[in-house]
Novice: 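The structure's right below; bear with me while I get my questions together.
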Number of protein chains: 2
Amino acid sequence: MDIQEGKQKFIESWGKMASDWGINRTMAQVHALLLIAPEPLTADEVMEGLSISRGNSNMNLRALMDWGLVHKQLKAGERKEYFYAEKDMWTVVRQIIVHRKKKELEPMLKVLDEVANIEPNCPESESFCNVVKDIRMLSSKANQTLDTLIKADSNWFANIFLRMVR
Amino acid sequence: MDIQEGKQKFIESWGKMASDWGINRTMAQVHALLLIAPEPLTADEVMEGLSISRGNSNMNLRALMDWGLVHKQLKAGERKEYFYAEKDMWTVVRQIIVHRKKKELEPMLKVLDEVANIEPNCPESESFCNVVKDIRMLSSKANQTLDTLIKADSNWFANIFLRMVR
DNA sequence: CATAGTTTTCAATTTTTTTTGAAAACAAAA
DNA sequence: TTTTGTTTTCAAAAAAAATTGAAAACTATG
């Protein structure tokens, strides 16, 4: 396999995986393109590299900056903006966790807290309360665990992995 | 808040969360409905309960059975099929991990293995190989960790959580 | 084997999400 | 201030995903 084919495959596969996870496929492809680029790219190069429109390129670059996965770089004497991806994979994982936890886990926890006040006084409400209680416990544990992960450094992270597979 | 409102909120929120995670919203709502039901429901009751069509109800019930999150129950002397959700949350989490790992992580790992053979011999290919190497390592560690999780029992799982938040 | 209750299928439709591209906004240089 | 290169916006179009519902398939029972 040559380098061009490899890049192609990687970008495609990264996009596929992301879309399975509810992330815009193009956003992930822009991310992949920047991840494997040796130098920062301009919005035009991203457009070109993925055959997408200027608007699409711009929007996804901004989304990636929102997620903290891509940064802007200005070159002295140039008007164009350059973009490069965060390449430390532990930081990438951390940023994704931070973002998704805030947007997805926390709202769910809030709803669970709200509905947890219901009185269990019939088979219907008893069944409901049991399930809510269990999910609430699990989610809040997950939430705490993710907080620990976010604060942890990459060595600690590697350690947990090692401990778990041993 | 009364029980009806609570159920409504829970079903909605479970569906929202799932759709953020790339899972069909209705499938998650069917799951939520069955989770909080004190007794198994028929396809008709699911249709009714969520105001969806027969086809939709049927398809999502089958998908949930595919994921191992819902089971069929036949009642003696009745022709209708009844469905109930797996209520042990550790089993639910495990089933979701099994399913998504197979459908999403493993294909990505396969691609990473394929592209890992490329020779790093120019800035372009060097950058590519570095990123691929890192992601490959992380993914394969994640894969191993998930295997351990899948095999683990719920006590062990709770333990890991405890260890991590301590 | 015929009937009736039930589940499954899938082409057509609807809804949701993503993408486009041209115009507007912006900002550096002339 | 005007020109020019660049980024941003967003209504409209396109693409993708989900849903419907009626017909077909299935299956227990008389």
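Chain letters run A, B, ... following the sequence lines, proteins first, then strands; residues in each count from 1.
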Novice: Cut-off 3.5 Å, no hydrogens considered: what does the side-chain donor-acceptor table look like for residues 51-62 of chain B, sequence neighbours left out?
Specialist:
| from | atom 1 | to | atom 2 | distance (Å) |
| --- | --- | --- | --- | --- |
| B/Ser53 | OG | B/Asn56 | N | 3.2 |
| B/Arg54 | NH1 | B/Asp44 | OD1 | 2.8 |
| B/Arg54 | NH2 | B/Asp44 | OD1 | 3.3 |
| B/Asn56 | OD1 | B/Asn60 | ND2 | 2.8 |
| B/Ser57 | OG | B/Ala43 | O | 3.2 |
| B/Asn58 | OD1 | B/Arg62 | NE | 3.2 |
| B/Asn60 | ND2 | B/Asn56 | O | 3.2 |

Novice: Quick test of your reading: applying salt bridge (Lys or Arg N to Asp or Glu O under 4.0 Å), list the pairs with at least one residue in residues 138-151 of chain A, sequence neighbours left out, ordered by first then second residue.
Specialist: A/Lys101-A/Asp147
Novice: Once each nucleotide of nucleotides 18-30 of chain C is scored for protein heavy atoms under 4.0 Å, what B/S/- sequence comes out, 5' to 3'?
Specialist: SSBB-----BB--
Novice: Quick one: ring pair (Phe, Tyr, Trp, His ring centres under 6.0 Å) partners of A/Trp156, sequence neighbours excluded?
Specialist: none
Novice: Which residues satisfy the salt bridge (Lys or Arg N to Asp or Glu O under 4.0 Å) test with A/Lys72, sequence neighbours excluded?
Specialist: A/Glu81
Novice: Tell me the interatomic distance from B/Met47, atom CE, to C/dT8, atom P, rounded to whole angstroms.
Specialist: 14 Å
Novice: Can you tell me if A/Arg136 uses its side chain to pair, donor with acceptor, with the backbone of A/Val115 under 3.5 Å?
Specialist: no
Novice: My understanding is that only residues two or more places apart in sequence, or in another chain, count here; which of them pass salt bridge (Lys or Arg N to Asp or Glu O under 4.0 Å) with B/Arg94?
Specialist: none
Novice: Can you pull out every side-chain hydrogen bond (donor to acceptor under 3.5 Å, both in side chains) where at least one residue sits in residues 24-39 of chain A? Sequence neighbours excluded, please.
Specialist: A/Trp14-A/His31
Novice: Does B/Asn58 place a side-chain N or O at less than 4.0 Å from the phosphate oxygens OP1/OP2 of C/dT7?
Specialist: no
Novice: With sequence neighbours excluded, what pairs up with B/Lys9 under the salt bridge (Lys or Arg N to Asp or Glu O under 4.0 Å) test?
Specialist: A/Glu114
Novice: Whole angstrom is fine here: how far is it from NZ in B/Lys80 over to P in D/dT29?
Specialist: 14 Å
Novice: How many whole angstroms separate atom CE of B/Met65 from atom C1' of C/dT8?
Specialist: 11 Å
Novice: Between residues 32-45 of chain B and DNA chain D, which residues have a heavy-atom gap below 4.0 Å?
Specialist: none
